[in-house]
Amino acid sequence: MVAQPWKRPDLVDQPDLKKLNDELHDLRLDAGLPSARTIRESVGKDAQDYWIVNHQAALDTFQKPDLPPWGRLEVIVRTLAEFARHSDVDGEVDRFKGLWKQVVRETIAQASVHPPAGTTASAGDDDVNDATVPSEDLPKQCAEGASRRAAEEPPASTETPTSAGQDSPQFNYAHESLKGLVLNAAQALWYDKDALRVFLGVVRRSEGFVRMADTAEEQRPANATFYGVKSRVFEVGHSPARLELVTLHRRLDEHRRKRKWSFTAMEEQTGISSDAWIRWYTHDELPEREALVAFSHVASLTQEDHVLLLGLWDAAHDALEVQKRSASLPSSISFDEAWTMRDPAVPRLWALAGVGGDDLAAYGPDLASGTAPAFVVVGSAKSGRSTALVNIARSLLASGTRLALATPKPSPLRELADQDGVVACFDQDNIGHDELAEALSVASAEEPVVVVMDDAEVLGECQAQRVLRNLLEHGFDEGTALVLAGDEDKLEPSYPWLGKVKRAHRGLLLSPQVRHAGDWIGIRTGDSVIGSPVTPGRGWLHLGDGKLMTVTVPQ
């Protein structure tokens, strides 16, 4: 289907609203005339997995002769500005906010001369009584009326000119926003009639909320975020465990709805209080594992569903543990301070990779043990790979281990070239077979030599690749080991010697952006680790034991 401009509403009598609407249509044209569904999908969903802007609501924003709520207009403008590749998206949003405010002022001016028929609210009222709201404003999707009025009418604090003996309408934004939050809660509790009845009973105690509570009890309300009032009462902030928690809750909810169990029924079936189940659902908390086991038993889940449910719990639990440990780590630490936190009895070929763990100690690999004499530092660009490599090199030199440095690109590692214990430094984009073999010829089990290599992807096909492959196969016997760092997007396991590095099954991940990055350190990484903002100084350490530890890398 060919993209078409949409019909514009007749706004001859409202010049400011017409200007806002014309600018919005022009912005859509600059964006390539995306469809309403495209706009809906680009805006995305909220924490409860509801569309923030329905495609019909998006279409109404362009075609209805009404002022759209600012919350809805803002996300649509931002989406279109990004489609149109505006150089200043925030500036474009601010420009439309100015136009929107002008329409509000226009509406206020008109209301002071022609107040809405039937309006009885006085300037001294603190609240808006539901009696001033037409009954059709609380239909099946009763969230729409509450949210739309909050955006279209002036706030209670706004002063408006009045005629003699005539009161101007006053509206309370906090009151209307509270309605949106109540509707969200009713929507979330819809399947538990007992909890819903108790909740709406409390709501009815507040004057002006009775009719809304009655309507919400008869018909499940649309989510208020659907129309621009974005509730954050039940929203979970961004965290590494977010995806795992949502996945677990969705699968658990599928089984609950299939059996048409309320939270009260779940209490009777499992012995776990309904309050606990409601809290876990509404706040996206991790349920107790025993509760899931009990649920699986009374629901007679298949073995496959039982294993999957507990597997999802394990994944969410591990992600939360990573998050908890990450929050307790120091934001930065010096090498000297981290060095004092090591176990005094560490072996000679132990290397300092980072500080972490429940005991907040220094951790790193022992290059003289494991499945291969290697350790990998991998991550995205600007993630601090070279800094981590310098820490490892310094810790090895401090314990009396000799090093051969390889820096095919400018690297802080080159600053260690003159240190005692550095037997060679290769600073070209190629390493000769004989040169590296000679540097390693002095190695022995008693006097080992470790090759420390930055930007390893550059040396994937170097002339010394046979020497490197031999090191990875026989390093334990010959007293040699390899520590390398590389870009996750450029390291190629197809290079014969680089592919063997994976046999070590250990390494340090720094701000990984791609899922396969974990393959280099021997562990599968989930969405809780991948895609976080690049943060130098934070990493995930794997020492070959199957556990991923969050660490702070010394600066």
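Since the model is a prediction, treat every value here as computed from it, not as a measurement.
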S.K.: At what distance, to the nearest 0.5 angstrom, does CG of Asp305 lie from CG of Leu252?
M.R.: 11.5 Å
S.K.: Return the minimal non-hydrogen interatomic distance between Thr371 and Ala504, and the atom names on each side.
M.R.: OG1-O, 3.3 Å
S.K.: So Lys502 and Asp519, do their side chains get closer than 4.5 Å, heavy atoms only?
M.R.: yes
S.K.: Without swapping roles, check the side chain of His433 against the backbone of Val467 for a donor-acceptor pair under 3.5 Å.
M.R.: no
S.K.: Looking at side-chain heavy atoms only, is the closest gap between Thr480 and Val451 below 4.5 Å?
M.R.: no
S.K.: Can you name the nearest heavy-atom pair linking Ala439 to Val442, along with the distance?
M.R.: O-CG2, 3.4 Å
S.K.: In Å, rounded to the nearest 0.5 Å, how long is the span from CZ of Arg37 to CD of Glu41?
M.R.: 8.5 Å
S.K.: Check the orientation of His255 and Phe295. Use parallel for under 30°, tilted for 30 to 60°, and perpendicular for over 60°.
M.R.: tilted
S.K.: Are Asp336 and Arg394 close enough for a salt bridge, meaning some N to O gap below 4.0 Å?
M.R.: yes
S.K.: For Asp366, is there any backbone N or O sitting under 3.5 Å from a side-chain donor or acceptor partner on Arg506?
M.R.: yes
S.K.: Is it true that Lys409 and Asp429 make a salt bridge, defined as a side-chain N closer than 4.0 Å to a carboxylate O?
M.R.: no
S.K.: Under 3.5 Å, is there a donor-acceptor pair between the side chain of Ser296 and the main chain of Leu292?
M.R.: no
S.K.: Main chain of Lys97, side chain of Trp70: is a donor-acceptor contact present, judged purely on distance under 3.5 Å?
M.R.: no
S.K.: Please determine whether the number of non-hydrogen atoms from other residues, nucleotides or ligands lying under 6.0 Å from atom CZ of Arg257 exceeds 12.
M.R.: yes
S.K.: What distance separates Ser441 OG from Glu478 CD, expressed to the nearest 0.5 Å?
M.R.: 11.0 Å
S.K.: How close do Pro34 and Leu80 get, heavy atom to heavy atom, and via which atoms?
M.R.: CG-CD2, 3.6 Å
S.K.: To the nearest 0.5 angstrom, please state how far the OG atom of Ser369 sits from the CG atom of Leu349.
M.R.: 9.0 Å
S.K.: Which is it for Asn430 and Gln463 under the side-chain contact (heavy atoms from CB on, under 4.5 Å) test, yes or no, and what are the steps along the way?
M.R.: CA-CA 7 Å; Asn430 188 21; Gln463 295 176 4; 3.3 Å; yes
S.K.: What's the verdict on side-chain contact (heavy atoms from CB on, under 4.5 Å) for Ile392 and Val452, showing C-alpha distance, side-chain angles and the deciding distance?
M.R.: CA-CA 9 Å; Ile392 291 173; Val452 182; 5.5 Å; no
S.K.: Identify the heavy atoms of Ala406 and Leu413 that sit nearest to each other, and give their distance.
M.R.: O-CD2, 4.5 Å
S.K.: Is there a side-chain contact (heavy atoms from CB on, under 4.5 Å) between Phe375 and Leu508 once you walk through the steps?
M.R.: CA-CA 8 Å; Phe375 185 79; Leu508 178 66; 4.0 Å; yes
S.K.: Taking the side chain as C-beta and beyond, is there a heavy-atom pair between Glu337 and Pro554 under 4.5 Å?
M.R.: no
S.K.: Starting at CG of Leu541, measure out to CD1 of Ile521 and round the result to the nearest 0.5 Å.
M.R.: 7.5 Å
S.K.: Within the 4.5 Å heavy-atom criterion, are Ile278 and Phe199 side-chain neighbours or not?
M.R.: no
S.K.: Give a yes or no on whether a salt bridge exists between Arg348 and Glu447, defined as a side-chain N under 4.0 angstrom from a carboxylate O.
M.R.: yes
S.K.: Verify salt bridge (charged side-chain N to carboxylate O under 4.0 Å, His left out) between Asp90 and Arg78, making sure each step is shown before the conclusion.
M.R.: CA-CA 8 Å; Asp90 290 334; Arg78 184 173 297 278; 2.8 Å; yes
S.K.: Report, as yes or no, whether the 6.0 Å neighbourhood of atom CD on Glu438 holds more than 12 heavy atoms from other residues, nucleotides or ligands.
M.R.: no
S.K.: List the atom of Leu472, the atom of Trp497, and the distance in Å for their closest heavy-atom pair.
M.R.: CD1-O, 3.2 Å
S.K.: I want to check something: taking the side chain as every heavy atom from C-beta on, are Leu509 and Val378 in contact at a cut-off of under 4.5 Å?
M.R.: yes
S.K.: Take a 6.0 Å sphere around CZ of Arg259 and say whether it holds more than 12 heavy atoms from other residues, nucleotides or ligands.
M.R.: yes
S.K.: Side-chain contact, heavy-atom cut-off 4.5 Å: Val53 with Ile39?
M.R.: no
S.K.: Is the shortest heavy-atom distance from the side chain of Arg538 to the side chain of Thr552 under 4.5 Å?
M.R.: yes
S.K.: Using atom types as modelled and distance alone, determine if a side-chain donor or acceptor of Ser411 lies under 3.5 Å from a backbone N or O of Arg414.
M.R.: no
S.K.: Is it the case that over 12 heavy atoms from other parts of the model lie below 6.0 angstrom from the CD atom of Glu304?
M.R.: no
S.K.: Working to the nearest 0.5 Å, report the span between CG of Leu459 and OG1 of Thr407.
M.R.: 9.0 Å
S.K.: Answer yes or no: does atom NE2 of His297 have more than 12 heavy-atom neighbours from other residues, nucleotides or ligands under 6.0 Å?
M.R.: no
S.K.: Can any side-chain N or O of Gln269 pair as donor or acceptor with the backbone N or O of Ala299 at less than 3.5 Å?
M.R.: no
S.K.: For the residue pair Trp313 and His317, does the interplanar ring angle fall in the parallel (under 30°), tilted (30 to 60°) or perpendicular (over 60°) class?
M.R.: parallel
S.K.: Check step by step if side-chain contact (heavy atoms from CB on, under 4.5 Å) holds for Leu286 and Leu248.
M.R.: CA-CA 9 Å; Leu286 182 66; Leu248 172 62; 3.6 Å; yes
S.K.: Given side chains that start at C-beta, do those of Leu468 and Met453 come closer than 4.5 Å, heavy atoms only?
M.R.: yes
S.K.: At their closest point, which heavy atom of Leu389 faces which heavy atom of Ala485, and how far apart are they?
M.R.: CD2-CB, 3.9 Å
S.K.: Just checking Asp418: does its CG atom have more than 12 heavy atoms from other residues, nucleotides or ligands closer to it than 6.0 angstrom?
M.R.: no
S.K.: Can any side-chain N or O of Arg385 pair as donor or acceptor with the backbone N or O of Ser380 at less than 3.5 Å?
M.R.: yes
S.K.: Using the six-membered ring of Phe263, assess whether NZ or CZ of Arg256 lies under 6.0 Å from its centre and within 45 degrees of the ring axis.
M.R.: yes
S.K.: Indicate yes or no for a side-chain donor-acceptor contact from Gln428 to the backbone of Phe426 under 3.5 Å, with no hydrogens or angles considered.
M.R.: no
